[in-house]
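One structure is given below, encoded as structure tokens.
Fair warning: this is a prediction, and the values are worked out from it, not measured in the lab.
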Amino acid sequence: MLTLTDRAAEELRAGIASGQIAADAVRVLIDHRCHCGKAHFSLALPGTPSSQDAAFEVGGVRFIADSETSPELSDVEIDYVETAWNRGLVIRNMRHRCGGHMAGH
């Protein structure tokens, strides 16, 4: 499954506990595919789970993923970063390096 850094897990758990994230789970999904075919990922509120969704827990955070996304999650890392320009969750496809960048939404 996906990798969740300690800081990302802490921020997600705090957001769920405070109600800032209005769900008890987070959906991870393929947002789009790059020109090379590698997936870029996003997070969303879970919505209504389907029978083909996979539910799993990483770092004390419950996730839901559809059948297209689940097989690709071993390459995904979710981190929390703070820079001079922004702060928040970053989702990286660790196998995506085409064009000199990494996926992160």
Side-chain angles (χ1 to χ4, degrees):
M1 276 299 133
L2 65 86
T3 301
L4 187 63
T5 66
D6 291 341
R7 179 70 192 274
E10 178 183 314
E11 294 292 332
L12 284 166
R13 286 191 310 263
I16 291 168
S18 72
Q20 187 177 16
I21 298 173
D24 64 349
V26 178
R27 180 174 290 278
V28 60
L29 59 118
I30 295 174
D31 182 86
H32 66 280
R33 291 195 181 270
C34 187
H35 65 279
C36 69
K38 297 293 184 186
H40 291 235
F41 297 87
S42 290
L43 298 177
L45 295 177
T48 304
S50 83
S51 61
Q52 295 184 359
D53 283 344
F56 55 96
E57 187 173 311
V58 179
V61 179
R62 288 186 51 234
F63 289 92
I64 296 172
D66 62 32
S67 59
E68 179 187 4
T69 303
S70 292
E72 300 198 45
L73 291 178
S74 63
D75 299 331
V76 174
E77 177 188 72
I78 301 174
D79 194 6
Y80 185 89
V81 297
E82 292 186 49
T83 70
W85 299 106
N86 57 41
R87 71 175 179 195
L89 295 167
V90 175
I91 307 164
R92 296 182 186 100
N93 182 336
M94 301 308 287
R95 293 186 187 259
H96 180 247
R97 299 188 189 278
C98 68
H101 67 277
M102 294 180 67
H105 300 294

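Atom CD of Glu82 is surrounded by more than 12 heavy atoms from other residues, nucleotides or ligands within 6.0 Å.
The shortest heavy-atom contact between Thr5 and Tyr80 is OG1-N, 3.9 Å. Shown here for Ile64 and Pro49, the closest heavy-atom pair between the two residues is CD1-CG, 4.3 Å. The two residues Val58 and Leu4 come nearest to each other via the heavy atoms O-CD2, 3.2 Å. In this structure, Ala8 and Leu89 approach most closely via the heavy-atom pair CB-CD2, 3.9 Å. For the pair Asp24 and Arg62, the tightest heavy-atom approach, listed with the atom from each and the gap, is OD2-NH1, 3.0 Å.
Taken from CD1 in Ile91 to CG in Leu2, the straight-line distance is 9.5 Å, to the nearest 0.5 Å. Atom-to-atom distance recorded for Asn93:CG and Glu77:CD is 11.0 Å, nearest 0.5 angstrom. Here the CZ-CG distance, from Arg27 to Leu45, works out to 10.5 Å after rounding to the nearest 0.5 Å. For the atom pair CG (Leu29) and NE2 (His32), the distance works out to 11.5 Å, reported to the nearest 0.5 Å.
Taking the side-chain hydrogen bond (donor to acceptor under 3.5 Å, both in side chains) definition, one finds that Asp6 meets it with nothing, sequence neighbours left out. Remark: Arg33 engages Ile30, Ala39, Glu68, Glu72 in a side-chain contact (heavy atoms from CB on, under 4.5 Å) (not counting sequence neighbours). Residues satisfying the side-chain contact (heavy atoms from CB on, under 4.5 Å) criterion with Ser50, sequence neighbours excluded, are Gln52, Asp53. Ser70 is linked by a side-chain hydrogen bond (donor to acceptor under 3.5 Å, both in side chains) to nothing, counting only residues two or more places apart in sequence or in another chain. Judged as a side-chain hydrogen bond (donor to acceptor under 3.5 Å, both in side chains), and not counting sequence neighbours, Ser67 has no contacts.
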Checklist entry - Stepwise, does the side-chain contact (heavy atoms from CB on, under 4.5 Å) test hold for Phe63 with Thr69? => result CA-CA 12 Å; Phe63 289 92; Thr69 303; over 6 Å; no
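Side-chain heavy atoms closer than 4.5 Å link hydrophobic residues (I, L, V, M, F, W, Y) into clusters, and following such links, possibly through other members, connects Phe41 to Val61.
The side-chain hydrogen bond (donor to acceptor under 3.5 Å, both in side chains) contacts involving residues 9-19 comprise Arg7-Glu11, where partners must be two or more places apart or lie in separate chains.
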